[in-house]
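A quick write-up on the structure given underneath.
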Amino acid sequence: MTDLHDLLERAAEAEPVRFTVDDVRQRVQRRRWTRRAAVGGLSVVSVLVGAVALDRHDADQVGVTADVDPPALVRRWTALYSNWIDPAPAGAHLDLRDDGTLVGSDGCNSFDGKWTAHGDQLTVDDLMATKVACPPDEDLHLVEILSEDPQIGTLGGADGTLRLQALDAGFVAFMAADPGPLEGIVETRVDVVTGPGGPVTSVFRTPRTITIGEDRQLVSWTLTNNSAAPATIWASYAIEGLATRCEFDELRRWEVMGPDLRASGRADLYPQYNLEPGDQARSAGRHHLPDGCQGDFVLVLLATSDPVDGEVVEHRVPISIR
Amino acid sequence: VTEADAAEFCQAVRTRLVGALTLACGDRGIAEELAQDTLVRVWERWPQVSQMESPEGWTFRTGFNLASSWRRRRGAERRANRWSLARGPQPDVGFAAEIVAVRGAVSRLPERQRAVIVARYYLGYDVAGTAVLLDCAPGTVKAATHQAMANLRLAGLGAELNMEVDVT
């Protein structure tokens, strides 16, 4: 052996190895699980895609709660998506004012009118709108939905998400544009899926404000399996509304990355947790936004196919980027 | 043959495997990703691998193959980035210029030369063992060693190296 051996050894082993055999064991288990899912009669693909389709495009919405308190509706609502446009055109919004008037834009045409709410029913009168011929991918058809006196509901609990559902015209989902106080951390608890004996719960935390140029924690989460069965959870997140050059993850939506993940075996590109009953996992992501990057919401996505049929939970938290 | 045996083997070979792949690709984060991919394959095939004449040789060879594949597709790099993000910034170990230079010089060698240098002078295989490991003739190993040493000199490592290296 020569000096070359010593030189190579110093270069090769300058840092300690950061993974353990347990990390390897977990990768093996993930691959086994993925293969089982892939060869199963009802694959993860169809479970996840089906769940997304239900959440986004089925008229009979799961999780919509009625009887929205009218005062809670008085604010500016920013359109997120509809059952035919996702995401909604930039600038699409609805202002429900406390004097009973409303104004807004569907991204192409603007409108105004009057509104009242009773239970889960929004009633719109004297609706007037411009009639510009809109490109198909910029027309949210919000005027048509409002003219049908849509049903109203919230999604995912008191997270500030509003959905307007018209029987014939489809639906539009909104997020409250008022992010509330700009200090501190928003902590949100979501039951990702309910198994025998209890739910798998995610508690995630996002800052209300992040500063451009600052490298900081964007989201952290804790997953706890309170059920009596093993659970596999995929978790991902994004800032919605970022320009393409600003995106830190080009696969921003489960609709897009789901098939890619499963078809190409890239599921391990994304944080995936295999939780035995009683297990808890923690993780976090740090990001740095360059100049000129603006977004509106932190979108957290949690998906599972265990311990019950697959389900996708998505949750948006307003964020201010300064 | 049990999973405990596989775990024990992975524990034993882990550091050298990461070291070899660090030299092979010049990037510690990538090397750790590739090493884990390698060990997953070892684990999954452990009943067969454990019966081989040299499970360690099979492991290093698999690692080298993955490193070669990585150079063609840089998917693991993205995974490594995510891994690093999830685990926070890498510790500043105050890299010596020597370490940076050696990693860079070795990783820039042509594939065969790089594998030969790592196998012989880091992992400690002799010419015959390196030939088995890399599935080539002993003469190829000797020639690649000679060429690699010349390239390392050209890369400016001549002063640091004791060039009285047996290339026969």
Side-chain angles (χ1 to χ4, degrees), chain A residues 1-35 215-221 235-237 248-251 257 260-261 264-273 281-288, chain B residues 3 6-8 10-11 14-23 28-29 31-33 35-37 39-40 42-44 75 78-79 82-91 93 95-96 98-103 105-106 117-118 120-124 149 152 157 160-166:
Chain A
M1 211 50 63
T2 71
D3 288 349
L4 179 55
H5 170 76
D6 298 333
L7 194 61
L8 292 177
E9 192 164 67
R10 286 200 297 276
E13 299 176 10
E15 313 105 307
V17 177
R18 292 184 300 163
F19 71 86
T20 67
V21 172
D22 271 345
D23 292 322
V24 176
R25 190 196 315 272
Q26 287 173 18
R27 286 192 180 209
V28 171
Q29 289 170 343
R30 280 203 298 271
R31 283 165 60 99
R32 286 174 181 164
W33 182 87
T34 302
R35 279 198 293 270
D215 181 8
R216 68 158 298 164
Q217 185 167 296
L218 179 62
V219 61
S220 65
W221 63 83
S236 189
Y237 55 92
F248 50 79
D249 183 348
E250 81 273 23
L251 304 174
M257 68 184 172
D260 284 347
L261 280 174
S264 62
R266 294 166 64 198
D268 59 352
L269 287 173
Y270 297 89
Q272 180 184 6
Y273 304 95
R282 296 172 187 272
S283 191
R286 297 183 66 87
H287 292 283
H288 165 272
Chain B
E3 289 213 334
E8 186 178 346
C10 289
Q11 177 66 30
R14 183 181 62 125
T15 300
R16 301 290 276 178
L17 179 62
V18 171
L21 293 174
T22 299
L23 293 170
R28 184 68 167 197
E32 293 201 351
E33 278 297 317
Q36 288 183 81
D37 284 350
L39 295 177
V40 165
V42 169
W43 195 298
E44 290 179 336
R78 290 168 49 197
R79 266 183 286 170
R82 296 184 67 88
W83 181 263
S84 297
L85 283 170
R87 298 208 159 188
Q90 293 187 29
V93 297
F95 278 124
E98 173 196 79
I99 291 170
V100 175
V102 171
R103 285 185 182 179
V106 174
I117 286 293
V118 174
R120 291 198 62 189
Y121 298 106
Y122 174 64
L123 296 176
M149 298 304 282
L152 290 177
L157 292 185
E160 288 83 357
L161 294 176
N162 176 356
M163 284 304 163
E164 294 178 2
V165 172
D166 174 21

| message | Could you tell me if the side chain of A/V21 sits less than 4.5 Å from the side chain of B/W43, heavy atoms only? | response | yes
| request: Output the distance between atom CZ (B/R14) and atom OG1 (A/T20), rounded to the nearest 0.5 Å. | output: 7.0 Å
| Minimum heavy-atom distance B/V102-A/A11, with the two atoms named | CG1-CB, 3.7 Å
| query | Is a side-chain N or O of B/R28 found less than 3.5 angstrom from the main chain of A/E15, in a donor-acceptor match? | reply | yes
| task | Spell out, as yes or no, whether a donor-acceptor pair under 3.5 Å connects the side chain of A/R18 to the backbone of B/E32. | result | no
| request: Applying side-chain contact (heavy atoms from CB on, under 4.5 Å), run through A/R25 and B/L39 and close with a yes or a no. | output: CA-CA 9 Å; A/R25 190 196 315 272; B/L39 295 177; over 6 Å; no
| message | Does any backbone or side-chain atom of B/L123 lie under 4.5 Å from a heavy atom of chain A? Answer side chain, backbone, both or neither. | response | neither
| task | Taking the side chain as every heavy atom from C-beta outward, state whether A/L4 and B/R120 have any atom pair closer than 4.5 Å. | result | no
| request: Work out which heavy atom in B/G19 is nearest to a heavy atom in A/A12; give both atom names and the distance. | output: O-CB, 3.4 Å
| query | Rounded to the nearest 0.5 Å, how far does CD of B/Q36 lie from CZ of A/F19? | reply | 5.0 Å
| said: Are the side chains of B/V118 and A/L8 in contact, using a 4.5 Å heavy-atom criterion? | reply: no
| said: Ignoring hydrogens and geometry beyond distance, is a side-chain donor-acceptor pair present between A/E13 and B/Y122 at under 3.5 Å? | reply: yes
